[in-house]
Structures are given as C-alpha cells and as structure tokens.
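The analysis underlying the following values was restricted to heavy atoms, covering all of them including side chains, and did not include hydrogens, waters or symmetry mates. Treat the numbers as computed from the prediction; the structure is a model and nothing was measured.
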Amino acid sequence: MTAFVGVADHAGWAVLVTVAGEAVLDRRRVALIDDGLPKLPHHHEAQSLRLAEAEALIGTVRASAKRHAQACLDALADDASEAIAGIAVRACPSLPDTLEERITNYRAQCVADTVMYRHALAKAAAARDWSVHWYEPKRVFANAAAALQQESLEDLLARTGAALGPPWQKDHRIAMAAAIAASPGHRLPPEQR
C-alpha cells in the first residue's frame, strides 16, 4: 500500500498527516522557515521597504521555505513505514506576475506568503517524484467522504482522533481528509472533485 500526505498550512509552519488507506501513519507539525525570518514578508515587512530591498528579503524567506520544505519531506519519507506516492496541498489563489504588484495589491499581499509556502512544499514533493494534488478546503471533507463512499467522514475522524490522542485538531482533520481525497486508491473522478 502507498501513503499520501495531507497538508494544513499556516504562515511559516504546517501540519502534515500521512495516510495509507484510512489509517494515519504519521502526523507532525513542521517549520517552513528559519527562526528569526519574517513569516509574512509580502504582507508586513516588504510594505516599508524599497522594491529592491523587498525583493531581497522575500528571496531570503523563499529560499528558507524551499530548504525547510525539502528537509521536512525528506525526514517524513525517511520515517515512513510505507512508500509515499503524493501530497495534497491547499489550492492557491492566482497572484499578479510581479513582486511589485504582489506587495502593492492588498488582496495579493494578504495571500502571497501562504502561496509561497504551499509552492515550496509542492515543488519539494514533485522533486521527490510524488504527485501533487491541490484541494479546496470547503470541499475537502465531502470529497474524502465520497472517495470512501461514505456519507460523512465524522465517524472516521472521531475514531482516529480517539485512537491517536492529542493533538488531534482541525488542522489534523483537514490534512487527513485531504490525503484521503487525493490518495490514488480513493481519488474521485474529475467531474466530482
């Protein structure tokens, strides 16, 4: 059996839940950035910098996110009891093409940092030859239930949380659902995603 990783990301960190079938093989919280670097450089620090300085800062943060994404997926793959086939990452909104537009457009600056972290994870997974699937948070629980041919995922999530014990929070449940919905054995046809 192969495993799939679901991701629930935040600014500078994420929860990864690895699932094979309906069983959680691993859950972990990972850092996606070096200590001391700004977690939201597009939205905060770049706002008070000249464009060249903002580009340099965001470049530093992006390089750190890339290193951390590679390292956390390497560690996960090393620890996994099953071969990992892919990863499910939250879908990203579109962004303007240039950094200048991303830091001057309010909507873009509000999402550019999380997009940066998600892309770092997706690229690190693709570099490992894992498939990358993008999920919509509003549909992830319904998609996972449908993939398992169940009406609801609530019973499975409750049983899993009780068996594993704390922490078993919303991020863990989302990541598990994303992994199930995207797993090769459970994947929905495109018209139902």
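- Residue F4 comes nearest to A88 through the heavy atom pair CE2-N, 3.8 Å, listed as atom of the first residue, atom of the second, then distance.
- Note that CG of D9 is 11.0 Å distant from CE of M116, once rounded to the nearest 0.5 Å.
- Proximity of P38 to H44: side-chain heavy atoms (C-beta onward) are nowhere separated by under 4.5 Å.
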Distance-only donor-acceptor hits, side chain of residues 144-163, under 3.5 Å, sequence neighbours excluded:
{"unit_1": "S152", "atom_1": "OG", "unit_2": "E154", "atom_2": "N", "d": "3.0"}
{"unit_1": "T160", "atom_1": "OG1", "unit_2": "L156", "atom_2": "O", "d": "2.8"}

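- Atom NE2 of H43 is separated from atom CG of D113 by 8.5 Å, given to the nearest 0.5 angstrom.
- Residues M176 and L16 do not share a hydrophobic cluster, clusters being chains of Ile/Leu/Val/Met/Phe/Trp/Tyr side chains in contact below 4.5 Å.
- Residue L57 holds its CG atom at 10.5 Å from CZ of R62, rounded to the nearest 0.5 Å.
- Not counting sequence neighbours, the partners of D34 by the side-chain contact (heavy atoms from CB on, under 4.5 Å) test are L37, S64, R67, H68.
- Taking Ile, Leu, Val, Met, Phe, Trp and Tyr as hydrophobic and joining them when side-chain heavy atoms fall under 4.5 Å apart, one finds L95 in a cluster with V111, V115.
- In terms of modelled atom types and a separation under 3.5 Å, the side chain of Y135 and the main chain of V7 share a donor-acceptor contact.
- Counting heavy atoms from C-beta outward, H119 and V89 have side chains that stay 4.5 Å or more apart.
- Taken together through direct or relayed side-chain contacts under 4.5 Å among Ile, Leu, Val, Met, Phe, Trp and Tyr, V30 and V5 form part of one hydrophobic cluster.
- The side-chain hydrogen bond (donor to acceptor under 3.5 Å, both in side chains) pairs that include a residue from residues 90-102 are T98-E101, where partners are two or more places apart or lie in different chains.
- Closest approach of H42 and Q47 over heavy atoms only: O-NE2, 2.7 Å.
- Here the CG atom belonging to L32 is positioned 15.0 Å from the NZ atom belonging to K66, to the nearest 0.5 angstrom.
- In this structure the side chain of L121 reaches within 4.5 angstrom of the side chain of C72, judged on heavy atoms.
- In the hydrophobic clustering of ILVMFWY residues, with side-chain heavy atoms under 4.5 Å counting as a link, I174 and V19 come out together.
- P93 is listed as a side-chain neighbour of R107, based on a closest heavy-atom distance under 4.5 Å.
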Tell me, with the steps shown, if L49 and E55 meet side-chain contact (heavy atoms from CB on, under 4.5 Å). CA-CA 9 Å; L49 300 175; E55 286 176 342; over 6 Å; no
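- Distance check: W168 CH2 to R27 CZ gives 7.0 Å after rounding to the nearest 0.5 Å.
- For the residue pair A46 and A54, the shortest heavy atom distance occurs at CB-CB, 3.7 Å.
- For D171, the side-chain contact (heavy atoms from CB on, under 4.5 Å) partners at least two apart in sequence or on another chain are A8, H10, W13, V15.
- Around the CG atom of D35, the shell of radius 6.0 Å holds no more than 12 heavy atoms that belong to other residues, nucleotides or ligands.
- With sequence neighbours excluded, the residues satisfying side-chain contact (heavy atoms from CB on, under 4.5 Å) with A125 are L73, I87, W130, V132.
- Put simply, the residue from V24, D26, L164, I180 that forms a side chain to side chain contact (heavy atoms under 4.5 Å, CB included) with V17 is V24.
- Taking NZ of K39 as the start and CD of E45 as the end, the distance is 10.5 Å to the nearest 0.5 Å.
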